[in-house]
Amino acid sequence: MINTTNSHPTLTSKLEPTTLLAIVGPTASGKSALAIALAKKYRGEIICADSRTIYKGLDIGTAKPSLLEQEGIPHYGLDLVEPYESYSAADFQAHANEKIAEIRERGNLPIIVGGSGLYIDGVLYSYEFGGQADEILRTELEALSIVELQERIEEVGYEMPENSQNKRYLIRAIEQGGVNRSRQPLMSGAVIIGINPGLEALEDRIRRRSKNMVDGGVLEEARLIDEDYGWDSPGASGNIYRVLRPYIEGSTYDLEKCLEDALTLDKKLAKRQLSWFMRNDDIHWFDNSSEVLAFLSSQLANKI
RNA sequence: GCAGGGUUAGUGAAGCGGUCAAACACAACAGACUGUAAAUCUGUCGGCUUUAGCCUUCGUAGGUUCGAAUCCUACACCCUGCA
């Protein structure tokens with residue numbers, strides 16, 4: 001298992017004064033609770049960088065912090081769109097930047113928390129996202145094969161995406177004329193905290209969380225998707241909803257089995273998230289919240 | 001007890017004499033990722049070595065054949081029909 005807690009780098013002068021805290025990590029790692037603890041301690045306000053909690057009405061299945069759980073700390077990034085609406089990393093970036101400015105204006109510390117790597121990086125590394133999605137062009141290109149799309153890219157002389165077998169990326173390359181590499185250095189004053197309790201602990205937490213979701217009423221949310229929004233809605237792609245679909249539609253009555261599937265999907269998600277974050281050397285990794293609190297109070301207390 | 005069907009790699013499931021270490025799916029493992037990102041995609045996936053190759057696998061034990069996961073015999077376990 002990864003153990004980087006003994007070797008996290010000492011903060012350099014370039015990181016002070018800290019003007020933004022980011023908390024990243026896999027799903028169910030305890031980011032939200034940690035964020036609240038830190039917000040209380042350092043006069044913070046929280047921006048959730050989570051591609052699921054942006055949806056209104058999908059609260060339980062997305063593990064969106066409830067009003068009660070928010071403990072009076074202002075939260076942003078939640079309930080931004082309806083489940084059937086589409087939302088992009090660029091949209092999030094705009095929203096987050098706006099909130100960061102507002103929070104600083106109030107003299108508070110912006111704390112950005114989440115597991116959506118692209119959302120986080122878009123903000124922290126000032127991506128200049130390419131043009132907006134062209135739905136008409138996309139549906140047109142969707143009909144072409146991978147090879148045809150590749151040929152098309154070569155013909156026009158665009159750069160081929162590294163994932164040259166990924167249709168979605170090929171279409172995007174054609175749409176925006178190549179590959180986007182607009183990454184800036186880490187936003188000045190930002191400190192990124194990574195929290196990774198390990199896969200075994202994560203599995204445990206995910207199990208418990210799924211159970212709580214059922215007790216909390218995810219089935220109602222899933223029914224809402226089934227009856228109102230439709231399973232094609234962007235909001236319906238959350239793990240728990242996907243596995244609940246056969247149960248809601250009546251093709252299985254085995255709820256336990258659905259929860260097993262949820263665990264599988266969540267574990268895979270956690271690994272993907274980890275593989276995104278692990279390559280980022282700017283992240284200071286920890287196993288659990290108390291280590292983070294200790295680290296920050298010893299290294300940063302005076303500088304925030 | 002008689003008749004018929006089945007037993008394949010972690011799971012499900014193709015294969016029914018050679019081109020089979022064995023399709024495919026799932027799981028697992030590794031990785032990519034710049035306006036769908038809880039999305040999407042890539043690689044590996046019996047063992048050893050690694051362009052190639054060698055070894056051990058297709059319920060168990062024998063047999064037929066130049067050659068068997070594939071055919072035959074016996075045994076074990078599972079399912080179905082008749083008793």
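Sequence lines set the chain letters: A, B, ... in the order given, protein chains first and strands last, and positions in each chain run from 1. In this text the structure is predicted, and so the values were computed from the model without any measurement. Worth knowing before you read on, the calculation uses all heavy atoms, side chains too, and leaves out hydrogens, waters and symmetry mates.
The separation of B/A76 from B/C26, taken at their C1' atoms, amounts to 30 Å, rounded to a whole angstrom. A distance of about 8 Å separates the P atoms of B/G59 and B/U7, rounded to the whole Å. Nucleotides B/G18 and B/A68 are separated by 12 Å at their P atoms, to the nearest Å. For the C1' atoms, the distance linking B/A13 with B/U19 amounts to 22 Å, nearest Å. Remark: the separation of the C1' atoms in B/G46 and B/C58 is 12 Å, to the nearest Å.
Residues from residues 159-173 of chain A that place a heavy atom under 4.0 Å from any atom of RNA chain B, listed by number: A/Glu162, A/Asn163, A/Gln165, A/Asn166, A/Arg168, A/Tyr169, A/Arg172.
The salt bridge (Lys or Arg N to Asp or Glu O under 4.0 Å) pairs that include a residue from residues 148-157 of chain A are A/Glu140-A/Arg152, where partners are two or more places apart or lie in different chains.
For A/Asp50 and A/Ser275, each mapped to the nucleotide of RNA chain B holding its nearest heavy atom, the one lying further toward the 5' end belongs to A/Ser275.
Between the side chains of A/Asp226 and A/Tyr241, not a single donor N or O lies within less than 3.5 Å of an accepting N or O.
Whole-Å rounding puts the A/Glu175 CD to B/U34 P distance at 13 Å.
A/Leu34 places none of its side-chain heavy atoms less than 4.5 Å from the side chain of A/Lys31.
Using a 4.0 Å cut-off between charged side-chain N and carboxylate O, A/Glu260 and A/Lys257 make no salt bridge.
When Watson-Crick and G-U wobble pairs are counted only if both distances are under 3.5 Å, B/G1 pairs with B/C82. Base-pair partner of B/A25: B/U11 (Watson-Crick or G-U wobble, both distances under 3.5 Å).
Not a single donor-acceptor contact under 3.5 angstrom links the side-chain atoms of A/Ser88 to the base of B/U36.
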Please write out each protein N/O paired with an N/O of nucleotides 23-27 of chain B under 3.5 Å, distance rounded to 0.1 Å.
residue	atom	partner	partner atom	Å
B/A27	OP1	A/Lys268	NZ	2.8
B/A27	OP2	A/Lys268	NZ	3.4

